[in-house]
Structures are given as C-alpha cells and as structure tokens.
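A note on names: the letters A, B, ... follow the listed sequences, proteins ahead of strands, and every chain is numbered from 1.
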Number of protein chains: 2
Amino acid sequence: MARADADTQASTPRERYRAQVREEIKERAREQIATAGASALSLNAIAKQLGMSGPALYRYFAGRDELITALVRDAYRSLADTLGAAAAAGPDPARLAHALRDWALSDPHRYFLVYGTPIPGYHAPEDTTAIADEVMTVLLDACTTLDADRPATPFGTHLQEHRTWAEGHPAPPAALHRALAFWTRLHGVLSLELAGHFTGMGFDPARYFAAELESLTAPLSEPPA
Amino acid sequence: MARADADTQASTPRERYRAQVREEIKERAREQIATAGASALSLNAIAKQLGMSGPALYRYFAGRDELITALVRDAYRSLADTLGAAAAAGPDPARLAHALRDWALSDPHRYFLVYGTPIPGYHAPEDTTAIADEVMTVLLDACTTLDADRPATPFGTHLQEHRTWAEGHPAPPAALHRALAFWTRLHGVLSLELAGHFTGMGFDPARYFAAELESLTAPLSEPPA
DNA sequence: CGCTAGGCGCTATAACTTCTAACGGCCGCA
DNA sequence: TGCGGCCGTTAGAAGTTATAGCGCCTAGCG
C-alpha cells in the first residue's frame, strides 16, 4: 500500500502533529469531494468538521488550490504505487490492467483527480510529471517483455523517432506502441464507465474491459469486432 | 451547422428578445469557461459583461446549475449535429472519427462538458440521454455497413444479448462491438490529448489518433503494436 | 388611441465562500 | 525556567449565489 506519505515521517512532535492534521484535512477533503465533487470543496466546511474555525486551515494549506494539488499528488502517488506493486508480482500486462481497474473502481473521484477535466489555470507541479513517467515506465516494462522482438508498426516507427517520453527505456517500437494503446484504450473504457456513460446500456462493463484488454494482449491481431 | 436552437425560434417580440439574451448569456458563459474552467463560471461576471447587474440573470436562468445544464445540452446537440452531418456525407467510420476529432479540438471545453468529470449531485436531463442515443445510432449505422456479415466476437455475443442501448437497431454483434470500441478508443485518445497528458511526450497526437482509427477500421486484425 | 398586466432590471439583503490581518495563548526547545 | 515560534482565534474585506420587493416600460388588448 505504501502508505508512508512524505508528510507522515517527522522528527519533532510539532512536525508530527502538523503532518497528522494535514492528513486529517485531506481525509475530510476526500470525503467532501466524493459527495459533492471537487469544485464544491469548501475549506470552511472542512474546518468546521475538524472542530476548528475557518482561517485555521491556512496554517496547513496556503489555500484551496494547494489542498487540491496535494490531493492530486496523493492520487498520482497511489496510482503509481498500485501499478508498481502489481508489476512487482510479475510483468504481466493483464495483471497491470486489472490492478488499474480495481484502483479506479475503488475510488472514482481519485481517478478523476488524475485523469479528469483539467482546470485551465492549474499547472501540475513537476513531481506529478515525474510520477507520470514512473507509471509509463511500469507500462513499458510490461510491454517490452511482451513484444521483445515484434516487428515495428508504422506508427511504432514514428514513436521510435519521437520517444522523449521513453527516453532511457530499451523498449522496441512495437512495445512503445502497445504501451501507449494500453494506456489510452483502458482509460477510454474506465473513464466512460466511471463517468456513468455506460449505465442503462445493458452490457457488462467488466466484460467489455476484458475484451479491450484482450485486444491489447493478443499476440498480433484481434479485431474490435 | 444546425444553428437553429430551439430557443431562437419565437413568435412574440418578447420571446424573441428573451431568446436572444439567453443566447448571449450562454455565449459569455462559454467564453468564461474557456478561460477559467466550468467550475469558475460566475453569473455576476457574466451580468457585468452584459452591462446589467447581478440578479437580472435569474430572469433567464434559474441559477448556475440550469445555465450549465443548458450549455451541456448545447454541447451534446452540437456533437450529434456534427456527427450527423458527417454521416450524411457517407457512412464511413473514418469520416465520423475525423469529424469527432475536429469537433473536439475546435473547443476542448465543450468536449469536457459532455465527457468530462461528472458532478456527483448532477443528473443529466432526459433529453441529453436521447441525444446520446442519437450519437450511438450514427455510430451503429456506420459500423453496420462495415461489418454486415462479420462473425461475432465472444464479447459481441454478450452485447447481442444485452443490447438495450441498440434496442431497435439492426446492427449485428460484430457491429455492436465495433461501435462500442469506436467510442471508447477514440474517447481514450481524445480525452487524454485534450487534457494535455500527451504534451511533452514527443509524438504526434494526430498520427496516434490515425493509428487507433486504423485499428478500428481494419478488416479484421491490426495489432496495437 | 389609451390603459393595464406582465416581463424586465434595479437595489437591498441574507448566507455563503476564500483569504488577510492582528491578537493571545500554549508548547517545545534550549 | 524562560522565551521564541507555532497555533487557533476573531474581525474584516471582497467575492459569490440567490431571494425579495420595488418601479419602469412595453406589448397587446379593448
């Protein structure tokens, strides 16, 4: 679970207390987001829930934006840890996919903190892009074992020539292409499922996810239909 | 373009004026969303831009929610019209895909109004689900011409047994599967691209979109990598 | 042509939000 | 044991959504 947040480890009792309160604030924020959405997050309400009044929260977070940023970073971290743990059990893409789906379903709002509608003014801090790289590396590892000596697709060669996102990774073109497809196709399914766009359509999202996964792990072919 | 909104056509001069003001309010709202995001939409600011003050807007929209709902419905309508127009030029899935991408790129925020992070409390009005059906029908038409007599995939047979989303449509199982994949895969690419998750990765989003599209239109195979 | 009812926009107000400023008390460290 | 710094407080400014009630102006009817 890798629950050792960078916040939690502290030396002095003051810092320890501070980290604890920060964590509790984030917990309440998560609850609030789950019930009313990220846009309705109210610092005042959180403070009231914690028994302290209004501006006290500003000792812990510079403002609403910084609180949300912290939540986004935690979500990214949680995703990377989850996929990392799954990868540790074996570099199987299917295992990764199901870990991703379980992670997404276990807390949809957390998923949307990472992959949801972007906020125009908001710029992700550098460390989140580092975590994003981490995620891509895990994916690339799994795909590299899968198509070690697969011929390159046309788009794969384009990726080979523009692989700043896989700078130091030894993945061949086919693996680059597959990793990218892995990411976007599974996101396509999960994002629509979590947003409720499948409700009332009748079919089983889990089975469709499995079908898409199969199109991703199949040795070479597998049509969409 | 199908710019004849249901609002615009009115008989009495009063209703005409009212519809015009409503349209202008929505226009300003769109501008504001484009620059600051939907969550930062301010009725007060809109009113100020229109030269009238605050509560006057409530004559035209019951509140922030109803304004956003109207914008969502317009966005849905625009999407359905765009795809419908593309389909009228021929039931080619590739044409539909490019129409979709052009539509998405021409106004990313409009795309996220339809497919973005859902707001927990918010329930889409019935007519939007009707429009969603309309979109799916266009997709199913295109896919039906493509695999009229294609053998059913395993998941395709599941879809065949749970096709409440394609109730009256004559699409065969293979077409059902392909239409669904069309939707989710292209959404996967577009959603990540519009949200900026591809920036800095180096490759060309348009080429990747084309590659995914090819995986969707290929007669039977085409691997991800 | 004139009169009236209703839509329209206004101000005032309430309740809410984020966030800054200044004050007091407690806690931990030396 | 002292004292510096962190913490939480209240007060307040500026913003938001939304309601209430007032007048004007106009469209439409007699």
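- Within 4.0 Å of A/Ala56, counting heavy atoms only, lies at least one base atom of the nucleic acid.
- With a cutoff of under 4.0 Å to any heavy atom of chain B, the contacted region of DNA chain C is bounded 5' to 3' by C/dG6 to C/dA12.
- When heavy atoms are screened at a 4.0 angstrom cut-off, B/Phe61 is found touching no nucleic acid atom at all.
- Taking CG from B/Asp204 and CG from A/Leu159, the interatomic distance works out to 10.0 Å, rounded to the nearest 0.5 Å.
- With the nearest nucleotide of DNA chain C identified for both A/Ala45 and B/Arg18, B/Arg18 has the one nearer the 5' end.
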Would you give me the side-chain donor-acceptor pairs under 3.5 Å for residues 106-114 of chain B, sequence neighbours excluded?
| unit_1 | atom_1 | unit_2 | atom_2 | d |
| --- | --- | --- | --- | --- |
| B/Ser106 | OG | B/Trp103 | O | 2.9 |
| B/Ser106 | OG | B/Arg110 | NH2 | 2.8 |
| B/Asp107 | OD1 | B/His109 | N | 3.3 |
| B/Asp107 | OD1 | B/Arg110 | N | 3.3 |
| B/His109 | NE2 | B/Ala34 | O | 3.4 |
| B/Arg110 | NH1 | B/Ser78 | OG | 3.3 |
| B/Arg110 | NH2 | B/Trp103 | O | 3.2 |
| B/Tyr111 | OH | B/His187 | ND1 | 2.7 |

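- Geometrically, A/Arg22 does not engage A/Tyr60 in a cation-pi contact, judged by NZ or CZ lying under 6.0 Å from the ring centre and within 45° of the ring axis.
- Close approach of DNA chain D to chain B, defined as any atom under 4.0 Å from a non-hydrogen atom of the protein, starts and stops at D/dT16 to D/dG28.
- Among residues two or more places apart in sequence or in another chain, the side-chain hydrogen bond (donor to acceptor under 3.5 Å, both in side chains) test is passed with B/Thr137 by none.
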Using residues 36-45 of chain A as the side-chain source, report each donor-acceptor pair under 3.5 Å to any protein atom, sequence neighbours left out, with the distance given to one decimal.
| unit_1 | atom_1 | unit_2 | atom_2 | d |
| --- | --- | --- | --- | --- |
| A/Ser42 | OG | A/Asn44 | N | 3.4 |
| A/Ser42 | OG | A/Ala45 | N | 3.1 |

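- Nucleic acid contact for A/Arg59: base, since at least one base atom lies under 4.0 Å from a heavy atom of the residue.
- Residues meeting the ring-ring contact (aromatic ring centres under 6.0 Å, His included) test with B/Phe155, sequence neighbours left out: A/Tyr208, B/His158, B/His177.
- Across all strands shown, B/Arg64 has heavy atoms under 4.0 Å from sugar-phosphate atoms exclusively, and none from any base.
- Contact annotation for B/Leu41: backbone-only contact, meaning every heavy-atom pair under 4.0 Å involves sugar-phosphate atoms and none involves a base.
- Of the two residues near DNA chain D, B/Pro55 and B/Arg14, the one whose nearest nucleotide lies more 5' is B/Pro55.
- Note on B/Arg207 versus B/Glu212: no salt bridge recorded, every NZ/NE/NH1/NH2 to OD/OE distance being 4.0 Å or above.
- For B/Glu126, the CD atom counts as loosely surrounded, since its 6.0 Å shell holds 12 or fewer non-hydrogen atoms of other residues, nucleotides or ligands.
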